Amino acid sequence: MIELTDWLAENNFARTDIAWCVKRLSANDTLATSSHQSGIYMPRKFMLDIFRSIEYSSDRNPDVTFDLYIDSHPQHHKARAVYYKQGSRNEVRITRLGGADSPLSDVESTGALSVFSFTRSHGGSVITCHVWVCTSQLDEDVVQNAIGWVEHGMFRVAKFDELAIVSDGGLDYKLSHENIPKKWFDEFPSADDVIQKVIELCPFDTLDLDRLLIHRRNCEYELFRVLEEDSTLPIVQTGFETVEEFIKFAHKTLQRRRARSGRSLELHVRHMLREAGLEESKDFTYQAETENGKRSDFLFPSKAHYDNISFPSDNLRMLAVMTTCRERWRTIISAAKRISVKHLLTLQEGVSVKQYSEMKSSGVHLVVPAELIASYPPCLRAELTTIESFIGDVRILKSKIDCSS
């Protein structure tokens, strides 16, 4: 089998004869939700630009057949790109992927980062698609080091010479340059400053906590894109004197993206807890160190309560925060040993029943924004906790402690 690094070199993101799309496989893609939908959901505009024949066809559900190679496993299929445009549907999917034997359909691939690389002929028509389905965190790191962070609901695409980042359904936030501090375009702001500005620009005071988190994250992402475009593009257009200088700049840009994504969700949750009336250090502790140098993203009521052996363990809570949890959920098991059930807030769109069972048996309980619960297998949905519900539980604990003080 070919190595991922060699595969990326062959399917170079800079090649002008290649169009590519990077996404995380959702539960609907892998059929983990038992949905009636079939195939891999792809960004419509991207696919219609590549397969022009289905965009302008008068057929009910126009399609085109092409060779698809899953090089990560490896497999070959005569795949089908079909444009569903009847009734309420207006989407493009890739079907005929080999059924349950395909890593693109396997429920255990839910959440996996996947790269679709379309190659066109000299005449301009697409002839093949090569796919890599990441099976480990190392694979994902290699891909994201090359192109930047990719979250659920986001597609990172390049349509033959054109790079773009799109979100499923589009973003609703139009942030003008006038609302952004001018000094930020000269010196990139800290993650804390960006989150604070998001709260100012996108308060969404009428939303419940579950919707609030999703909308603020989207608002922050749009703000980050505006900043990066204005601060980075002029430097790229000016050019570099040496390859080493270019590599150093690219590495710095990618690291900034990873750092932003890594801390973003934690900081949003931190601000939401404050807005929910919880006082930091008294009602919760952020980045608390427990046993053996292990850190917990959030401890409730506080680290002081956790360290107090006489304080009942049943009244302690721990919340870990991860945008994706496909492999990384195991890292929280050894933290906060006094707490038997570790809560994990994630934005991942679905996990398989098998993986959920492993989490549950290890004492990990998922907290998922309400609008994402439908992306989980039906048999698991009743067991998931919403953000609103989790914070409600923390508030009840706070009231009990306040009354007993």
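The analysis underlying the following values was restricted to heavy atoms, covering all of them including side chains, and did not include hydrogens, waters or symmetry mates. None of these values were measured; they are calculated from a predicted model.
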Student: Mark yes or no for whether Lys342, through its side chain, and Ile339, through its backbone, hold a donor-acceptor pair below 3.5 Å.
Tutor: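 Checked: pair present.
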Student: What residues form a ring-ring contact (aromatic ring centres under 6.0 Å, His included) with Tyr83, not counting sequence neighbours?
Tutor: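 So Tyr83 forms no ring-ring contact (aromatic ring centres under 6.0 Å, His included) with any residue.
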Student: Yes or no on side-chain hydrogen bond (donor to acceptor under 3.5 Å, both in side chains) for Lys23 and Ser114, after CA distance, side-chain angles and deciding distance?
Tutor: CA-CA 6 Å; Lys23 63 168 287 181; Ser114 302; over 6 Å; no
Student: Verify, without hydrogens or angle tests, whether Thr242 (side chain) and Glu245 (backbone) share a donor-acceptor contact under 3.5 angstrom.
Tutor: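 Yes: the side chain of Thr242 pairs with the backbone of Glu245.
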Student: Assess whether atom NZ of Lys282 is packed by more than 12 heavy atoms of other residues, nucleotides or ligands within 6.0 Å.
Tutor: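 It does: Lys282 NZ has more than 12 such atoms within range.
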Student: Are the side chains of Val353 and Val107 in touch, meaning some heavy atoms are under 4.5 Å apart?
Tutor: no
Student: With side chain to side chain contact (heavy atoms under 4.5 Å, CB included) as the test, would you mind laying out the steps for Ser362 and Trp329 before giving the verdict?
Tutor: CA-CA 10 Å; Ser362 300; Trp329 65 269; 3.8 Å; yes
Student: With the threshold set at 4.0 Å, does a side-chain nitrogen-carboxylate oxygen contact exist between Lys360 and Glu383?
Tutor: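 The answer is yes: the pair qualifies as a salt bridge.
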Student: For the ring pair Tyr56 and Phe51, is the centre-to-centre distance below 6.0 Å?
Tutor: no
Student: Compute whether any side-chain donor of one residue and acceptor of the other, for Thr119 and His130, lie under 3.5 angstrom apart.
Tutor: no
Student: Within a 6.0 Å radius of atom CG on Asn90, are there more than 12 heavy atoms belonging to other residues, nucleotides or ligands?
Tutor: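 For Asn90, atom CG is crowded (more than 12 foreign heavy atoms under 6.0 Å).
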Student: Is a side-chain N or O of Thr346 found less than 3.5 angstrom from the main chain of Thr323, in a donor-acceptor match?
Tutor: yes
Student: Looking only at side-chain N and O atoms, does Ser264 offer a donor or acceptor that is under 3.5 Å from a partner on Glu220?
Tutor: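 Yes.
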Student: Determine whether Trp7 and Thr5 make a side-chain contact, defined as any pair of heavy atoms from C-beta on separated by less than 4.5 Å.
Tutor: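 Side chain of Trp7 against side chain of Thr5, heavy atoms only: no contact under 4.5 Å found.
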Student: Calculate, to the nearest 0.5 Å, the distance between atoms CG and CG belonging to Leu97 and Asp29 respectively.
Tutor: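 It is 9.5 Å, given to the nearest 0.5 Å.
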Student: Taking atom CD of Glu241 as the centre, report whether more than 12 heavy atoms of other residues, nucleotides or ligands fall under 6.0 Å from it.
Tutor: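 Atom CD in Glu241 is not crowded, with 12 or fewer foreign heavy atoms closer than 6.0 Å.
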Student: Do Asp192 and Gln196 get their side chains close enough for a donor-acceptor pair, meaning under 3.5 Å?
Tutor: no
Student: Answer yes if the side chains of Glu266 and His268 hold a donor-acceptor pair under 3.5 Å, and no otherwise.
Tutor: no
Student: Which of parallel (below 30°), tilted (30 to 60°) and perpendicular (above 60°) describes Phe390 and Phe300?
Tutor: perpendicular
Student: State whether the number of non-hydrogen atoms from other residues, nucleotides or ligands found under 6.0 Å of Lys85 atom NZ is greater than 12.
Tutor: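 For Lys85, atom NZ is crowded (more than 12 foreign heavy atoms under 6.0 Å).
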Student: Side chains of Val143 and Asp139: does their closest heavy-atom pair fall under 4.5 Å?
Tutor: no
Student: So, the side chain of Arg52 versus the backbone of Asp49: is there a donor-acceptor pair under 3.5 Å, distance only?
Tutor: yes
Student: Once rounded to the nearest 0.5 Å, what's the spacing between atom CE of Met318 and atom OG of Ser340?
Tutor: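 If I round to the nearest 0.5 Å, the distance is 11.5 Å.
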Student: Test your reading of the model: is there a side-chain donor-acceptor pair from Ser296 to the backbone of Phe298, 3.5 Å cut-off?
Tutor: no
Student: With rounding to the nearest 0.5 Å, note down the distance linking NE2 in His271 to CD1 in Ile195.
Tutor: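 One gets 6.5 Å once the value is rounded to the nearest 0.5 Å.
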Student: When you measure from the side chain of Asp210 to the backbone of Ala370, do you find a donor-acceptor pair of N or O atoms at a distance under 3.5 Å?
Tutor: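 Such a contact is found between Asp210 side chain and Ala370 backbone.
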Student: Does Arg93 count as lying over the ring of Tyr41, i.e. NZ or CZ under 6.0 Å from the six-ring centre, within 45 degrees of the axis?
Tutor: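 Because its charged atom misses either the 6.0 Å distance or the 45° angle limit, Arg93 does not stack over Tyr41.
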Student: Determine whether Trp184 and Asp193 make a side-chain contact, defined as any pair of heavy atoms from C-beta on separated by less than 4.5 Å.
Tutor: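 The answer is yes, as the side chains (C-beta and beyond) meet within the 4.5 Å cut-off.
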Student: Can you tell me how far CD1 of Ile40 sits from OG of Ser102, rounded to the nearest 0.5 angstrom?
Tutor: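 Between Ser102 OG and Ile40 CD1, I get 7.0 Å after rounding to 0.5 Å.
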Student: Can you name the residues that form a ring-ring contact (aromatic ring centres under 6.0 Å, His included) with Phe188, not counting sequence neighbours?
Tutor: Phe224
Student: As an exercise, state the distance from CZ of Phe116 to CD1 of Ile18, rounded to the nearest 0.5 Å.
Tutor: 15.0 Å
Student: Test Arg216 against Glu275 for salt bridge (Lys or Arg N to Asp or Glu O under 4.0 Å), laying out the working first.
Tutor: CA-CA 13 Å; Arg216 279 190 179 166; Glu275 291 173 295; 2.6 Å; yes
Student: Quick one, Leu265 and Arg217 - any side-chain contact, counting heavy atoms below 4.5 Å?
Tutor: yes
Student: Give a yes or no answer on whether the side chain of Arg24 reaches the backbone of Gly111 with a donor-acceptor pair at less than 3.5 Å.
Tutor: yes
Student: Any chance the side chains of Ser109 and Asp106 put a donor and an acceptor closer than 3.5 Å?
Tutor: no
Student: Could you walk me through whether Arg96 and His77 pass the side chain to side chain contact (heavy atoms under 4.5 Å, CB included) check?
Tutor: CA-CA 7 Å; Arg96 297 178 183 170; His77 304 286; over 6 Å; no
Student: Please evaluate residues Glu108 and Ser352 with respect to the criterion side-chain hydrogen bond (donor to acceptor under 3.5 Å, both in side chains), reporting the C-alpha separation (whole Å), side-chain torsions for both, the decisive distance (0.1 Å), and the verdict.
Tutor: CA-CA 6 Å; Glu108 299 306 321; Ser352 68; 3.0 Å; yes
Student: Would you kindly say whether Ser399 and Asp402 are connected by a side-chain donor-acceptor distance under 3.5 Å?
Tutor: no
Student: Using a 3.5 Å distance criterion without hydrogens, assess whether the side chain of Thr324 forms a donor-acceptor pair with backbone atoms of Arg326.
Tutor: no
Student: Using atom types as modelled and distance alone, determine if a side-chain donor or acceptor of Ser389 lies under 3.5 Å from a backbone N or O of Thr385.
Tutor: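 Answer holds: no.
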Student: Taking atom types as modelled, find out whether Tyr376 and Glu349 have a side-chain donor-acceptor pair closer than 3.5 angstrom.
Tutor: no
Student: Give, for atom OG1 of Thr95 and atom CG of Leu104, the distance between the pair rounded to the nearest 0.5 Å.
Tutor: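 Nearest 0.5 Å value for the OG1-CG distance: 12.0 Å.
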Student: Quick one: does any side-chain atom of Ser72 pair with a main-chain N or O of Val133 as donor and acceptor, under 3.5 Å?
Tutor: yes
Student: Report, as yes or no, whether the 6.0 Å neighbourhood of atom CZ on Phe249 holds more than 12 heavy atoms from other residues, nucleotides or ligands.
Tutor: yes
Student: Under 4.5 Å between any side-chain heavy atoms of Cys21 and Arg156, yes or no?
Tutor: no
Student: Test of understanding: with ring-ring contact (aromatic ring centres under 6.0 Å, His included), list the residues that count as partners of Phe311, not counting sequence neighbours.
Tutor: His305
Student: Using the ring centroid of each side chain, check whether Phe46 and Phe155 are separated by less than 6.0 Å.
Tutor: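 Judged by ring-centre distance (under 6.0 Å), Phe46 and Phe155 do not meet the cut-off.
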Student: Tell me yes or no: between the side chains of Arg338 and Ser313, is some donor less than 3.5 Å from an acceptor?
Tutor: yes
